[in-house]
There are 2 protein chains.
Amino acid sequence: MPSSKATEAQILEITQELLQRRGYDGFSYRDVADRVGIRSATIHYYFPAKADLVVAVAERYRSDFATTLAEILADDSLSALEKVAQFADIFRQTAATNRVCLCGMLASGSKSQSDKANQHAQEFFGDLQAWLEDVFAAGRQDGSIRALAEPRRAALSVVAALEGATLMAYNARDLSQLDEVIAEALDGLRP
Amino acid sequence: MPSSKATEAQILEITQELLQRRGYDGFSYRDVADRVGIRSATIHYYFPAKADLVVAVAERYRSDFATTLAEILADDSLSALEKVAQFADIFRQTAATNRVCLCGMLASGSKSQSDKANQHAQEFFGDLQAWLEDVFAAGRQDGSIRALAEPRRAALSVVAALEGATLMAYNARDLSQLDEVIAEALDGLRP
DNA sequence: GTCTATAAGATGATAGAC
DNA sequence: GTCTATCATCTTATAGAC
């Protein structure tokens, strides 16, 4: 039964879900295998070690996220502030599906997993910060975002607040506090 | 060799450290036993199940944290803004010792551990928010903090940002971004 | 209180048949 | 590619000696 490409994609999909819900130490090859409908040995064929599997998921996640951010950025119908709102909504959707940001989860599991996973998480946060900084600059042009004293620092703070609030929403199984944090962040950007 | 009180305290101390560094699924009774210098069966005498041990650590953590916050609050030599700065410094110290906030870590491990641990984390975040809200009000009196449109929401955002930034600092093994987030938060409170 | 001994199950990983 | 079979190790937890 050669599903080849489909099998690998399913393994990545399911692993990402488990990773966002339970973290590196919270799922096993068997958990993934059961949900995909294969045997755990098959996963080792695609990903020899657990570290390989998790790094592959991290790369896929960053790539998908980058695509989404590029699409938001390219949408000329949105003001810069609305782009930040859409950015925040990604985190909201994550929490709404009972998950944490993958890289937030990887950051919390820094000790067990490979250094490569940590590095991906770190670079991911840097990507988000840089994207927000760009949008802040555009917002100064289109007038939707006020002039910020330290745009780099403000962008970092928004990323940190969203990561923290998503974690809290996941824990409480309640989005209301995340919504408040998002509202506070957007209000802080308005002219 | 009856160390009694001392043994239980050591178990809690070591467990807290492991919990903040590796999370619920990242440490075992044997890890704790090895560091305390006892056998894992001894831990079961004090804490029958792992869930009991973790809940006990969470209670101790919340209690210790509450004491620290009460001390800061009672210090009349500090302005309200300086009290917020000391509050933020607790997170900085946590990251400086290569740890995450215990409740931030418990929040990320929501699936494996007991519901009670999740609840403690949730209540902990509520405690921090309420404390900050009080200090914000005091800051309006002593003039060290500006009038905030939504103090409750602002307090929540500060908690979320500190939790997120501590996680990022832990992952990157670098405090500089946490320092930036703290500076940004304090600047946002100044009159 | 703390130990030894041990159970019963899960884990990441490999070898080799098909 | 996917399977069965198996390994060595680790996990939480218990029973009972001292």
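Note that these values count all heavy atoms, side chains included, but never hydrogens, waters or copies made by symmetry. In what follows, chains are A, B, ... by sequence order, proteins preceding strands, each numbered from 1.
Between A:Phe27 and A:Val54 the shortest heavy-atom distance is CZ-CG2, 4.3 Å.
A:Arg39 places its CZ atom 16 Å from the C1' atom of C:dA13, with the value rounded to the nearest Å. Across the protein-nucleic acid pair, A:Ile38 atom CD1 and D:dT4 atom C1' stand 15 Å apart, rounded to whole Å. The distance between atom OH of A:Tyr45 and atom C1' of D:dG1, rounded to the nearest whole Å, is 5 Å. Here the C1' atom of nucleotide C:dT11 and the CG atom of A:Leu18 are 15 Å apart, to the nearest Å. The distance between atom CG of A:Leu53 and atom P of C:dT11, rounded to the nearest whole Å, is 14 Å. What separates CD1 of A:Ile43 from C1' of C:dT11 is a distance of 13 Å, to the nearest Å.
Under the side chain to side chain donor-acceptor pair (under 3.5 Å) criterion, B:Asp34 pairs with no residue, sequence neighbours left out. The side chain to side chain donor-acceptor pair (under 3.5 Å) test applied to B:Glu13 returns B:Arg60, not counting sequence neighbours. Residues forming a side chain to side chain contact (heavy atoms under 4.5 Å, CB included) with A:His44 (at least two apart in sequence, or on another chain): A:Tyr29.
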Pairs under 3.5 angstrom only: tabulate donor-acceptor contacts from the side chains of residues 89-97 of chain A to other protein residues two or more places apart or in another chain.
unit_1  : atom_1 : unit_2   : atom_2 : d
A:Asp89 : OD2    : A:Gln93  : NE2    : 3.0
A:Arg92 : NE     : A:Asp179 : OD1    : 2.6
A:Arg92 : NH2    : A:Asp179 : OD2    : 3.0
A:Thr94 : OG1    : A:Ile90  : O      : 3.0
A:Thr97 : OG1    : A:Gln93  : O      : 3.1
A:Thr97 : OG1    : A:Thr94  : O      : 2.9

Can you give the donor-acceptor pairs under 3.5 Å from side chains of residues 79-86 of chain B to other protein atoms, not counting sequence neighbours?
unit_1  : atom_1 : unit_2  : atom_2 : d
B:Ser79 : OG     : B:Glu82 : N      : 3.1
B:Ser79 : OG     : B:Glu82 : OE1    : 3.4
B:Glu82 : OE1    : B:Ser79 : N      : 2.8
B:Lys83 : NZ     : B:Leu73 : O      : 2.9

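Distances shorter than 4.0 Å separate none of the side-chain N or O atoms of B:Thr42 from OP1 or OP2 on C:dG1.
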- Quick tally for nucleotides 11-16 of chain D: nucleotides whose base has a protein heavy atom under 4.0 Å get B, sugar-phosphate-only ones S, the rest -, giving BSBB--

